[in-house]
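Take a look at the structure below.
Values in this document were obtained by computation on a predicted structure and should not be read as measured data. Lettering of chains follows the sequences in order, A, B, ..., and the numbering in each one begins at 1.
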Amino acid sequence: MDRIVLRRRGEGVVEAHEQAGSASAGVVALPAAELARYVRDRESAPVRWVWDDTTRWYPALLAAGVRVERCTDLRLAHAVLRRTPFADHDLLAGDDTAGWDALQPETATDAALFPLDDPADRLDPVAEDERQQAVLAASPERSRLGLLLAAESSGALVAAEMTAAGLPWRADVHQRLLTDLLGPRPPAGHRPVVLERLAEEIRAALGAAELNPDSPAAVLRALQTAGLPVDDTRSWTLEQVDHPAVAPLLEYKKLARLLSANGWAWLDAWVRDGRFRSSFLPGGVVTGRWAATGGGALSMPAQVRPAAVADEGWRFVVADVAQLEPRVLAGMSGDAAMAEAARASDLYQGMVASGAVATRADAKVGMLGAMYGATRGESGRMMPRLTRRYPRAIGLVEEAARAGERGEVVHTLLGRGSPLPAGAWAQRAVDLGEPPDEGDHREDRDRRRRAWGRFTRNFVVQGTGAEWALCWLADLRNRLWRLGGTGRVEQRPHLVFFLHDEVVVHTPEHLAADVAEEVRRAAVTAGRLLFGDFPVDFPLDVAVVGSWAEAG
DNA sequence: TCGATCGGCGCC
DNA sequence: AAAGGGCGCCGATCGA
């Protein structure tokens with residue numbers, strides 16, 4: 001397959017470096033304005049575009065109606081290679097290392113603010129690509145690491161396409177929802193009438209005439225003055241006590257949250273032309289999960305999802321994986337008993353059926369505890385039992401926790417490495433053993449050590465789950481393209497949302513059933529890519545709906 | 001006055 | 001005695 005490295009040069013010129021082995025090795029210089037046509041032409045045969053950073057190239061191509069099949073995102077690949085235990089890091093070292101380390105993705109606002117001086121332009125993508133390929137070739141885990149790099153780059157393409165397309169959003173539906181719950185939109189600086197009324201109720205119930213219910217400290221003082229035994233103002237805490245102020249306070253908090261997180265200001269800021277426009281950031285989380293910036297895209301409350309509505313004549317296909325992380329744990333640990341439980345569409349029910357635990361609730365709380373590191377309470381009590389039934393699965397997360405406590409790196413199935421701990425406890429653990437110290441400090445160190453162990457314990461599972469999801473997305477993206485006939489990305493079935501273990505596809509109605517089928521096939525492919533023939537299933541809940549809220 | 005931090009809560 | 005992983009974002013509050 002041809003491999004073409006793109007590089008920006010000054011004065012609106014782009015160089016295309018066709019690498020050895022390509023049909024016509026050499027360098028082509030072309031005006032930036034002609035890039036889209038060049039890329040479109042070359043896409044008629046298999047080609048891999050190599051570029052410094054997808055966010056610096058792909059949005060303009062998409063805007064010109066050009067979709068690419070595959071790329072290598074050097075920024076994301078560099079970040080993976082810097083941390084993976086599967087690579088010889090000396091092979092990645094070069095003059096530019098610090099620059100590649102520091103390279104940040106671009107968002108639409110960055111581009112407008114800093115159009116001229118981009119640090120990416122001081123980096124040499126041809127040299128970096130050669131280094132990365134040398135690292136991969138020398139890796140003892142070439143195939144897993146290669147899969148991770150390919151998946152990460154595909155994810156970058158998906159993210160750019162989703163960011164460009166936006167999530168269909170009906171501002172009128174959203175506004176009606178706000179008005180129904182909060183009252184009419186108030187003038188700037190004023191509370192909606194419903195909140196004002198609740199605030200008065202709270203003040204009356206607590207005998208605190210001036211109370212600002214938005215101030216946690218003031219609310220706490222008022223509650224304590226009224227004689228309530230609380231140390232914070234969390235909803236869960238308030239639900240435990242009986243007082244006339246509690247009901248209006250809980251109602252106030254719920255509605256105030258809606259107002260501040262997804263109220264009229266949110267609509268003004270993030271919804272344009274019938275689309276919620278956020279920015280997805282692949283690799284934005286150390287574990288490999290995506291992050292997003294703008295509008296809180298990854299924490300969209302169920303409450304406002306009715307406003308996500310497919311276009312006229314289009315549908316959403318919403319799919320999510322049930323219990324992704326325990327399934328991934330079964331696969332990566334090769335735990336046959338847990339994989340057997342995972343054969344059920346409800347893994348927790350599968351654990352009950354096999355006699356491992358008594359109830360579904362026990363199964364769920366026990367597995368969450370195993371993956372998050374709960375050692376006591378209901379979760380902790382399940383651990384001995386789970387360890388007996390699922391020795392390999394539980395052993396894997398326990399070992400990841402112990403390694404973290406020793407200050408060591410752990411890694412996902414495909415080789416994403418955890419960061420090294422920064423605290424003093426880790427320096428001492430690795431270099432000096434246990435120094436004598438004041439009791440206070442030792443307790444503090446132990447607390448941090450255990451916290452880091454919980455992080456590495458979760459890292460291996462969350463990170464491998466993210467790898468499964470990346471493979472799912474990448475394969476689905478190609479399947480959707482092949483379904484679609486002609487036209488640009490957003491004129492065909494295309495991804496509009498991704499949330500760790502859930503996807504939303506926007507599709508012309510007549511293709512919805514086909515999309516649902518491809519979503520399932522892509523999940524099978526992802527399972528095979530990660531776990532080969534090991535029999536662990538990833539069943540999906542798939543819904544064809546008009547509004548996101550109708551799914552699940 | 002403005003940036004950093006806190007308490008809280010939404011999602012997985 | 002407390003002991004649960006990862007995020008983004010808000011208003012209030014603190015502090016330079």
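No engagement by A:Asn262 is indicated, since no non-hydrogen atom pair under 4.0 Å with the nucleic acid exists. If you check every strand for non-hydrogen atoms under 4.0 Å, A:Gly295 touches sugar and phosphate atoms only. Contact annotation for A:Gly294: backbone-only contact, meaning every heavy-atom pair under 4.0 Å involves sugar-phosphate atoms and none involves a base. Among the protein residues, A:Ala291 comes within range of the sugar-phosphate backbone only, with heavy atoms under 4.0 Å from sugar or phosphate atoms but none that close to a base.
The main-chain N or O of A:Ser547 is found under 3.5 Å from a side-chain atom of A:Glu550 such that the two form a donor-acceptor pair.
Taking a 4.0 Å limit (strictly below) on heavy-atom distances, residues 156-166 of chain A does not reach DNA chain C anywhere.
For A:Thr507, the side chain to side chain donor-acceptor pair (under 3.5 Å) criterion is met by no residue, not counting sequence neighbours. Listed by chain and number, the residues in a side chain to side chain donor-acceptor pair (under 3.5 Å) with A:Thr525 are A:Asp475, A:Arg479 (sequence neighbours excluded).
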Below 3.5 Å is the cut-off: list the nitrogen or oxygen pairs between protein and nucleotides 9-12 of chain B, distance only.
unit_1, atom_1, unit_2, atom_2, d
B:dC9, OP1, A:Ser235, N, 3.1
B:dC9, OP1, A:Ser235, OG, 2.7
B:dC9, OP1, A:Lys253, NZ, 3.3
B:dC9, OP2, A:Ser235, N, 3.4
B:dC9, O2, A:Arg257, NH1, 3.0
B:dG10, O4', A:Arg257, NE, 3.4
B:dG10, O4', A:Arg257, NH2, 3.0
B:dC11, OP1, A:Ala302, N, 3.4
B:dC11, O3', A:Arg305, NH2, 3.4
B:dC12, O3', A:Asp501, OD1, 2.7
B:dC12, O3', A:Asp501, OD2, 2.8
B:dC12, O2, A:Arg289, NH1, 2.9
B:dC12, O2, A:Arg289, NH2, 3.2

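Separating the OH atom of A:Tyr252 from the C1' atom of B:dG8 is a distance of 13 Å, rounded to the nearest angstrom. Nucleotide C:dG4 holds its P atom 17 Å from the CE atom of A:Met367, rounded to whole Å. For the pair A:Trp266 CH2 and C:dG8 P, the computed distance is 17 Å after rounding to whole Å. In this structure, A:Leu255 places its CG atom 16 Å from C1' of C:dC10, rounding to the nearest Å. Between the CD atom of A:Glu239 and the P atom of B:dG8 there is a distance of 14 Å, given to the nearest Å. What separates CG of A:Leu223 from P of B:dG7 is a distance of 16 Å, to the nearest Å. Going from atom CG of A:Leu281 over to atom P of C:dG6 covers 19 Å, rounded to whole Å. Following rounding to the nearest Å, A:Arg457 (CZ) and C:dG6 (C1') show an atom-to-atom distance of 15 Å.
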> Where do A:Arg454 and A:Tyr372 land on the side chain to side chain contact (heavy atoms under 4.5 Å, CB included) test, with the steps shown first?
Replying inline: CA-CA 6 Å; A:Arg454 288 193 296 276; A:Tyr372 291 158; over 6 Å; no

>> Set out, in order, the CA-CA distance, both residues' side-chain angles and the distance that settles side chain to side chain contact (heavy atoms under 4.5 Å, CB included) for A:Leu329 and A:Leu396, then state yes or no.
In response: CA-CA 8 Å; A:Leu329 176 57; A:Leu396 188 147; 4.0 Å; yes

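Between A:Trp452 and A:Phe455, the two ring planes are tilted [angle within 30° to 60°]. Under the 30°/60° scheme for interplanar angles, the aromatic rings of A:His506 and A:His494 are found to stand perpendicular. Relative ring orientation between A:Phe498 and A:His500 is described as perpendicular, the plane-to-plane angle rising above 60° on a 0-90° scale split at 30° and 60°.
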> What does nucleotides 11-16 of chain C look like as a protein-contact string, B for base, S for sugar-phosphate only, - for none, at under 4.0 angstrom between heavy atoms?
Replying inline: -SS---

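Other residues, nucleotides and ligands contribute only 12 or fewer heavy atoms inside 6.0 Å of the CZ atom of A:Arg234.
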Quiz: residues 159-168 of chain A side-chain donor-acceptor pairs under 3.5 angstrom, not counting sequence neighbours:
unit_1, atom_1, unit_2, atom_2, d
A:Glu161, OE1, A:Arg477, NE, 3.1
A:Glu161, OE2, A:Tyr58, OH, 2.6
A:Glu161, OE2, A:Arg477, NE, 3.1
A:Glu161, OE2, A:Arg477, NH2, 2.6
A:Thr163, OG1, A:Ala159, O, 2.7
A:Thr163, OG1, A:Phe280, N, 3.2

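Across every non-hydrogen atom of A:Arg457 and A:Ala401, the tightest pair is NH2-CB, 3.7 Å.
A cation-pi arrangement is present between A:Arg305 and A:Trp548 under the rule of less than 6.0 angstrom and at most 45 degrees off the ring axis.
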